[in-house]
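This report concerns only the one structure given below.
All values below were derived from every heavy atom in this structure, side-chain atoms included, with hydrogens, water molecules and symmetry-related copies excluded.
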Amino acid sequence: MVTRTDERENVDTPQGLAFAMTAYLLWGFLPLYMKLASHMPALEVVAHRVIWSVPIAGLVLVVLRRTSDLVSALRNPRTLAMGCLTAALITINWGVYVWSITNDRALDAALGYYINPLFSIALASLLLKERLTRLQWVAVALAGAAVLVLWIDAGTLPWAALALTVSWGFYAFFKKSLPVGPNQGFLLEVMILTFPAIGYLLWLAAQGQGHFTKSLDDTMLLLGCGIVTAVPLLFYANGAKLLRLSTIGIMQYIAPTMIFLIAVFVFDEPFGGARIIAFPMIWAALVVYSIPMIRDLRAARR
(Lines give C-alpha, C1' and ligand atoms only; values in the text may rest on other atoms or scores of the structure.)
Protein backbone atom coordinates (compact mmCIF):
# COMPACT_ATOMS: atom_id res chain seq x y z
CA MET A 1 0.00 0.00 0.00
CA VAL A 2 1.37 3.43 -0.99
CA THR A 3 1.07 6.14 1.64
CA ARG A 4 0.61 9.83 0.99
CA THR A 5 4.19 10.41 2.10
CA ASP A 6 5.48 7.99 -0.53
CA GLU A 7 3.38 9.69 -3.19
CA ARG A 8 4.84 13.06 -2.29
CA GLU A 9 8.34 11.63 -2.51
CA ASN A 10 7.74 10.29 -6.03
CA VAL A 11 6.45 13.46 -7.63
CA ASP A 12 7.92 16.85 -8.44
CA THR A 13 6.37 19.71 -6.49
CA PRO A 14 6.39 23.43 -7.38
CA GLN A 15 8.02 24.19 -4.03
CA GLY A 16 10.75 21.65 -4.71
CA LEU A 17 11.45 23.09 -8.15
CA ALA A 18 11.60 26.61 -6.71
CA PHE A 19 13.99 25.59 -3.92
CA ALA A 20 16.30 23.60 -6.20
CA MET A 21 16.32 26.20 -8.98
CA THR A 22 17.18 28.91 -6.45
CA ALA A 23 20.07 26.82 -5.11
CA TYR A 24 21.53 26.09 -8.55
CA LEU A 25 21.19 29.70 -9.70
CA LEU A 26 22.94 30.92 -6.56
CA TRP A 27 25.73 28.39 -7.11
CA GLY A 28 25.92 29.46 -10.75
CA PHE A 29 26.45 33.12 -9.83
CA LEU A 30 28.84 32.31 -6.95
CA PRO A 31 32.01 32.81 -9.08
CA LEU A 32 31.10 36.49 -9.45
CA TYR A 33 31.14 36.85 -5.66
CA MET A 34 34.28 34.80 -5.14
CA LYS A 35 36.12 36.77 -7.82
CA LEU A 36 35.80 39.82 -5.57
CA ALA A 37 37.94 37.94 -3.03
CA SER A 38 40.73 37.17 -5.49
CA HIS A 39 43.16 39.34 -3.50
CA MET A 40 42.78 37.08 -0.46
CA PRO A 41 44.22 33.60 0.18
CA ALA A 42 41.74 30.84 -0.64
CA LEU A 43 42.16 29.28 2.82
CA GLU A 44 41.22 32.55 4.53
CA VAL A 45 38.05 32.78 2.44
CA VAL A 46 37.19 29.15 3.28
CA ALA A 47 37.72 29.82 7.00
CA HIS A 48 35.21 32.67 6.87
CA ARG A 49 32.78 30.54 4.84
CA VAL A 50 32.87 28.06 7.72
CA ILE A 51 32.59 30.52 10.62
CA TRP A 52 29.77 32.68 9.25
CA SER A 53 27.77 29.65 8.09
CA VAL A 54 27.36 28.50 11.70
CA PRO A 55 24.88 31.20 12.88
CA ILE A 56 22.81 30.89 9.68
CA ALA A 57 22.56 27.09 9.81
CA GLY A 58 21.97 27.24 13.56
CA LEU A 59 19.12 29.72 13.16
CA VAL A 60 17.47 27.43 10.61
CA LEU A 61 17.55 24.50 13.05
CA VAL A 62 16.15 26.64 15.84
CA VAL A 63 13.27 27.78 13.63
CA LEU A 64 12.61 24.19 12.52
CA ARG A 65 12.96 22.98 16.13
CA ARG A 66 15.42 20.25 15.14
CA THR A 67 18.27 21.09 17.51
CA SER A 68 17.72 17.87 19.47
CA ASP A 69 18.89 15.85 16.45
CA LEU A 70 22.15 17.79 16.44
CA VAL A 71 22.66 17.23 20.18
CA SER A 72 22.20 13.49 19.65
CA ALA A 73 24.72 13.55 16.80
CA LEU A 74 27.29 15.33 18.97
CA ARG A 75 26.95 12.60 21.61
CA ASN A 76 27.46 9.77 19.11
CA PRO A 77 31.16 8.97 18.45
CA ARG A 78 30.42 7.22 15.14
CA THR A 79 28.36 10.17 13.86
CA LEU A 80 31.06 12.60 14.98
CA ALA A 81 33.75 10.58 13.18
CA MET A 82 31.69 10.49 10.00
CA GLY A 83 31.03 14.23 10.38
CA CYS A 84 34.78 14.86 10.62
CA LEU A 85 35.31 12.94 7.38
CA THR A 86 32.62 14.81 5.44
CA ALA A 87 33.83 18.11 6.94
CA ALA A 88 37.36 17.41 5.68
CA LEU A 89 36.08 16.58 2.20
CA ILE A 90 33.90 19.70 1.93
CA THR A 91 36.88 21.81 3.11
CA ILE A 92 39.01 20.43 0.27
CA ASN A 93 36.19 21.07 -2.19
CA TRP A 94 35.63 24.66 -1.04
CA GLY A 95 39.35 25.39 -0.97
CA VAL A 96 40.00 24.14 -4.51
CA TYR A 97 36.88 25.90 -5.78
CA VAL A 98 37.87 29.28 -4.31
CA TRP A 99 41.43 28.82 -5.57
CA SER A 100 40.15 28.02 -9.08
CA ILE A 101 37.93 31.10 -9.27
CA THR A 102 40.45 33.52 -7.81
CA ASN A 103 43.31 32.21 -10.01
CA ASP A 104 41.50 32.48 -13.34
CA ARG A 105 40.71 28.76 -13.52
CA ALA A 106 36.92 28.95 -13.42
CA LEU A 107 36.74 26.66 -16.47
CA ASP A 108 38.43 23.98 -14.37
CA ALA A 109 35.70 24.43 -11.75
CA ALA A 110 33.01 24.02 -14.42
CA LEU A 111 34.76 20.93 -15.78
CA GLY A 112 35.00 19.41 -12.30
CA TYR A 113 31.29 19.79 -11.59
CA TYR A 114 30.36 18.55 -15.08
CA ILE A 115 32.34 15.36 -14.50
CA ASN A 116 31.01 14.84 -10.97
CA PRO A 117 27.80 12.87 -11.80
CA LEU A 118 29.81 10.56 -14.05
CA PHE A 119 32.39 10.05 -11.30
CA SER A 120 29.59 9.28 -8.85
CA ILE A 121 28.19 6.43 -10.94
CA ALA A 122 31.72 5.05 -11.43
CA LEU A 123 32.20 5.26 -7.66
CA ALA A 124 28.95 3.39 -7.07
CA SER A 125 30.14 0.68 -9.44
CA LEU A 126 33.50 0.31 -7.71
CA LEU A 127 32.47 0.63 -4.05
CA LEU A 128 28.86 -0.51 -4.03
CA LYS A 129 29.18 -3.04 -6.85
CA GLU A 130 26.31 -1.43 -8.71
CA ARG A 131 26.09 -2.61 -12.30
CA LEU A 132 26.33 0.19 -14.85
CA THR A 133 24.20 0.20 -17.96
CA ARG A 134 25.75 0.31 -21.40
CA LEU A 135 24.90 4.01 -21.72
CA GLN A 136 26.52 4.75 -18.37
CA TRP A 137 29.72 2.99 -19.44
CA VAL A 138 29.75 5.05 -22.65
CA ALA A 139 29.31 8.27 -20.64
CA VAL A 140 32.13 7.38 -18.23
CA ALA A 141 34.42 6.44 -21.13
CA LEU A 142 33.74 9.75 -22.89
CA ALA A 143 34.51 11.70 -19.71
CA GLY A 144 37.74 9.73 -19.23
CA ALA A 145 38.75 10.43 -22.83
CA ALA A 146 38.10 14.15 -22.32
CA VAL A 147 40.39 14.22 -19.28
CA LEU A 148 43.01 12.34 -21.31
CA VAL A 149 42.83 14.99 -24.06
CA LEU A 150 43.44 17.76 -21.51
CA TRP A 151 46.25 15.75 -19.91
CA ILE A 152 48.06 15.19 -23.20
CA ASP A 153 47.67 18.84 -24.23
CA ALA A 154 48.85 20.36 -20.95
CA GLY A 155 51.36 17.69 -20.03
CA THR A 156 49.73 17.42 -16.62
CA LEU A 157 46.40 16.32 -15.26
CA PRO A 158 43.70 19.00 -14.76
CA TRP A 159 44.20 18.54 -11.04
CA ALA A 160 41.85 21.31 -9.91
CA ALA A 161 38.92 19.85 -11.87
CA LEU A 162 39.72 16.32 -10.67
CA ALA A 163 40.10 17.49 -7.04
CA LEU A 164 36.65 19.11 -7.20
CA THR A 165 35.16 15.99 -8.77
CA VAL A 166 36.72 13.53 -6.33
CA SER A 167 36.17 15.59 -3.17
CA TRP A 168 32.50 16.29 -3.94
CA GLY A 169 31.90 12.73 -5.16
CA PHE A 170 33.24 11.18 -1.94
CA TYR A 171 31.51 13.90 0.12
CA ALA A 172 28.14 12.94 -1.37
CA PHE A 173 28.96 9.24 -0.96
CA PHE A 174 29.80 9.47 2.74
CA LYS A 175 27.12 12.09 3.39
CA LYS A 176 24.51 9.40 2.73
CA SER A 177 25.91 7.46 5.70
CA LEU A 178 25.67 10.44 8.05
CA PRO A 179 22.68 9.48 10.26
CA VAL A 180 21.24 13.02 10.53
CA GLY A 181 19.18 15.24 8.26
CA PRO A 182 20.88 17.46 5.67
CA ASN A 183 20.41 20.68 7.66
CA GLN A 184 21.70 19.10 10.87
CA GLY A 185 24.57 17.47 8.98
CA PHE A 186 25.67 20.76 7.46
CA LEU A 187 25.66 22.50 10.84
CA LEU A 188 27.57 19.58 12.37
CA GLU A 189 30.24 19.89 9.67
CA VAL A 190 30.77 23.62 10.01
CA MET A 191 30.79 23.34 13.81
CA ILE A 192 33.57 20.74 13.56
CA LEU A 193 35.50 23.04 11.23
CA THR A 194 34.95 26.16 13.34
CA PHE A 195 37.84 25.56 15.78
CA PRO A 196 40.58 25.05 13.16
CA ALA A 197 39.10 27.95 11.14
CA ILE A 198 39.26 30.32 14.13
CA GLY A 199 42.77 29.11 14.95
CA TYR A 200 43.95 29.80 11.40
CA LEU A 201 42.39 33.28 11.35
CA LEU A 202 43.97 34.13 14.72
CA TRP A 203 47.34 33.03 13.33
CA LEU A 204 46.81 35.22 10.25
CA ALA A 205 45.92 38.17 12.47
CA ALA A 206 49.04 37.64 14.59
CA GLN A 207 51.12 37.70 11.40
CA GLY A 208 49.37 40.87 10.25
CA GLN A 209 48.13 39.06 7.12
CA GLY A 210 44.40 38.82 7.81
CA HIS A 211 41.96 40.82 5.70
CA PHE A 212 38.90 40.81 7.98
CA THR A 213 39.52 44.23 9.52
CA LYS A 214 41.71 45.80 6.81
CA SER A 215 38.84 47.60 5.14
CA LEU A 216 35.06 47.80 5.32
CA ASP A 217 34.79 46.20 1.88
CA ASP A 218 36.84 43.18 2.93
CA THR A 219 34.94 42.84 6.21
CA MET A 220 31.56 42.85 4.49
CA LEU A 221 32.80 40.52 1.77
CA LEU A 222 34.04 37.95 4.29
CA LEU A 223 30.90 38.23 6.41
CA GLY A 224 28.86 37.56 3.28
CA CYS A 225 30.74 34.29 2.73
CA GLY A 226 28.47 32.66 5.29
CA ILE A 227 25.35 33.72 3.40
CA VAL A 228 26.58 32.60 -0.04
CA THR A 229 27.70 29.27 1.47
CA ALA A 230 24.83 28.29 3.75
CA VAL A 231 21.79 29.63 1.89
CA PRO A 232 22.19 27.64 -1.38
CA LEU A 233 22.94 24.44 0.53
CA LEU A 234 19.84 24.86 2.67
CA PHE A 235 17.68 25.61 -0.38
CA TYR A 236 19.08 22.53 -2.10
CA ALA A 237 18.56 20.28 0.93
CA ASN A 238 14.88 21.21 1.14
CA GLY A 239 14.34 21.12 -2.62
CA ALA A 240 15.82 17.64 -2.98
CA LYS A 241 13.18 16.26 -0.61
CA LEU A 242 10.37 17.52 -2.86
CA LEU A 243 11.72 16.40 -6.25
CA ARG A 244 12.37 13.15 -8.05
CA LEU A 245 15.97 11.99 -8.14
CA SER A 246 15.89 12.14 -11.95
CA THR A 247 14.75 15.77 -11.84
CA ILE A 248 17.61 16.72 -9.53
CA GLY A 249 19.94 14.80 -11.82
CA ILE A 250 18.98 16.95 -14.81
CA MET A 251 19.00 20.23 -12.85
CA GLN A 252 22.54 19.70 -11.52
CA TYR A 253 23.96 20.84 -14.88
CA ILE A 254 22.63 24.37 -14.34
CA ALA A 255 25.43 25.53 -12.03
CA PRO A 256 28.44 24.28 -14.05
CA THR A 257 26.88 25.64 -17.24
CA MET A 258 26.57 29.07 -15.62
CA ILE A 259 30.13 28.83 -14.31
CA PHE A 260 31.31 27.92 -17.82
CA LEU A 261 29.51 30.89 -19.40
CA ILE A 262 30.80 33.31 -16.74
CA ALA A 263 34.36 32.00 -17.16
CA VAL A 264 34.32 32.49 -20.94
CA PHE A 265 32.21 35.62 -21.39
CA VAL A 266 32.77 37.54 -18.13
CA PHE A 267 36.20 36.45 -16.89
CA ASP A 268 37.47 36.11 -20.48
CA GLU A 269 39.29 32.83 -19.81
CA PRO A 270 40.72 31.22 -22.98
CA PHE A 271 38.52 28.52 -24.50
CA GLY A 272 40.45 26.88 -27.28
CA GLY A 273 42.95 24.15 -28.04
CA ALA A 274 42.25 20.99 -26.06
CA ARG A 275 39.36 22.57 -24.16
CA ILE A 276 37.34 23.04 -27.33
CA ILE A 277 37.64 19.29 -27.85
CA ALA A 278 37.30 18.11 -24.24
CA PHE A 279 34.25 20.13 -23.20
CA PRO A 280 32.04 18.89 -26.10
CA MET A 281 33.11 15.35 -25.16
CA ILE A 282 31.95 16.00 -21.59
CA TRP A 283 28.67 17.48 -22.83
CA ALA A 284 28.13 14.44 -25.05
CA ALA A 285 28.80 12.19 -22.05
CA LEU A 286 26.22 14.09 -19.99
CA VAL A 287 23.65 13.79 -22.78
CA VAL A 288 24.21 10.02 -22.88
CA TYR A 289 24.06 9.85 -19.07
CA SER A 290 20.84 11.89 -19.00
CA ILE A 291 18.87 9.83 -21.53
CA PRO A 292 17.47 7.37 -18.91
CA MET A 293 16.58 10.27 -16.57
CA ILE A 294 14.75 12.10 -19.37
CA ARG A 295 12.84 8.90 -20.12
CA ASP A 296 11.87 8.63 -16.46
CA LEU A 297 10.61 12.22 -16.44
CA ARG A 298 8.50 11.64 -19.55
CA ALA A 299 7.09 8.43 -18.13
CA ALA A 300 6.20 10.20 -14.88
CA ARG A 301 4.34 12.94 -16.76
CA ARG A 302 2.32 10.34 -18.67
Side-chain angles (χ1 to χ4, degrees), residues 26-60 74 80 83-110 112-113 156-164 166-168 170-171 185-234 255 259 262-263 266-270:
L26 289 173
W27 277 328
F29 283 116
L30 186 58
L32 297 174
Y33 190 91
M34 289 300 164
K35 197 69 168 180
L36 298 175
S38 58
H39 60 291
M40 307 182 200
L43 196 55
E44 182 179 6
V45 175
V46 171
H48 282 280
R49 291 187 75 174
V50 168
I51 291 170
W52 304 118
S53 291
V54 173
I56 297 173
L59 179 61
V60 169
L74 290 170
L80 268 178
C84 289
L85 177 59
T86 57
L89 288 167
I90 198 62
T91 301
I92 294 170
N93 186 268
W94 285 351
V96 176
Y97 174 82
V98 174
W99 180 90
S100 298
I101 301 300
T102 57
N103 285 273
D104 301 322
R105 304 299 294 268
L107 279 174
D108 284 350
Y113 289 122
T156 182
L157 282 169
W159 72 266
L162 293 178
L164 287 170
V166 172
S167 60
W168 186 262
F170 276 106
Y171 173 74
F186 174 65
L187 180 55
L188 175 65
E189 288 161 358
V190 290
M191 286 178 65
I192 290 171
L193 294 171
T194 294
F195 295 104
I198 291 175
Y200 172 71
L201 292 179
L202 289 174
W203 179 83
L204 274 184
Q207 301 296 314
Q209 299 175 8
H211 289 81
F212 186 62
T213 57
K214 277 194 173 181
S215 70
L216 180 60
D217 288 344
D218 283 352
T219 300
M220 297 306 295
L221 185 63
L222 291 170
L223 283 172
C225 284
I227 297 174
V228 300
T229 298
V231 172
L233 279 169
L234 295 172
I259 295 172
I262 289 172
V266 179
F267 297 161
D268 200 27
E269 293 188 14

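Between I262 and F29, the shortest heavy-atom contact is CD1-CA, 4.3 Å. When all heavy atoms of I192 and A87 are compared, the pair lying nearest together is CG2-CB, 4.3 Å. Between T194 and V190, the shortest heavy-atom distance links the atoms OG1-O, 2.6 Å. Contact between L222 and V45 at its shortest, heavy atoms only, is CD2-CA, 4.4 Å. Of all heavy-atom pairs spanning A106 and A263, the tightest one is CB-CB, 3.6 Å. The two atoms that bring L164 and A109 nearest to each other are CD1-CA, 3.5 Å, heavy atoms only.
Screening residues 84-106 for salt bridge (Lys or Arg N to Asp or Glu O under 4.0 Å) gives K35-D104, R105-D108 as the qualifying pairs, with residues at least two apart or on separate chains. Applying the side-chain hydrogen bond (donor to acceptor under 3.5 Å, both in side chains) definition to pairs two or more places apart or across chains, those involving residues 217-227 are H39-D218. Residues in residues 197-209 take part in no side-chain hydrogen bond (donor to acceptor under 3.5 Å, both in side chains) pair, two or more places apart or across chains. For residues 185-205, the set of pairs meeting the salt bridge (Lys or Arg N to Asp or Glu O under 4.0 Å) definition, not counting sequence neighbours, comprises K175-E189.
Separation of atoms CZ (F212) and CG (L204) is listed at 13.0 Å; rounding is to 0.5 Å. In this structure, CD1 in I101 is found 9.0 Å from CG in L32, a value given to the nearest 0.5 Å.
Residues forming a side chain to side chain donor-acceptor pair (under 3.5 Å) with T229 (at least two apart in sequence, or on another chain): R49. In terms of the side chain to side chain donor-acceptor pair (under 3.5 Å) criterion, T102 has no residue partners (sequence neighbours excluded). E269 meets the side chain to side chain donor-acceptor pair (under 3.5 Å) test with no other residue; sequence neighbours excluded. With sequence neighbours left out, L26 forms a side chain to side chain contact (heavy atoms under 4.5 Å, CB included) with T22, V231, P232, F235. For W99, the ring pair (Phe, Tyr, Trp, His ring centres under 6.0 Å) partners are W159, not counting sequence neighbours. Applying the salt bridge (charged side-chain N to carboxylate O under 4.0 Å, His left out) rule to K214 yields no partners; only residues at least two apart in sequence or on another chain are considered. Partners of L89 according to the side chain to side chain contact (heavy atoms under 4.5 Å, CB included) rule, which considers only residues two or more places apart in sequence or in another chain, are L85, F170, Y171, F174. Remark: W52 pairs with H48 by the side chain to side chain donor-acceptor pair (under 3.5 Å) rule, at least two apart or across chains.
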*asked:* One pair to check against side-chain contact (heavy atoms from CB on, under 4.5 Å): C225 and L221. What are the steps and the verdict?
replied: CA-CA 7 Å; C225 284; L221 185 63; 5.6 Å; no
_Run W27 and L233 through side-chain contact (heavy atoms from CB on, under 4.5 Å) and show every step you take._
CA-CA 9 Å; W27 277 328; L233 279 169; 3.6 Å; yes
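Side-chain contact between V50 and W94 is present, with heavy atoms from C-beta onward closer than 4.5 Å.
More than 12 heavy atoms of other residues, nucleotides or ligands lie within 6.0 Å of CZ in F267, so this atom counts as buried by the packing criterion.
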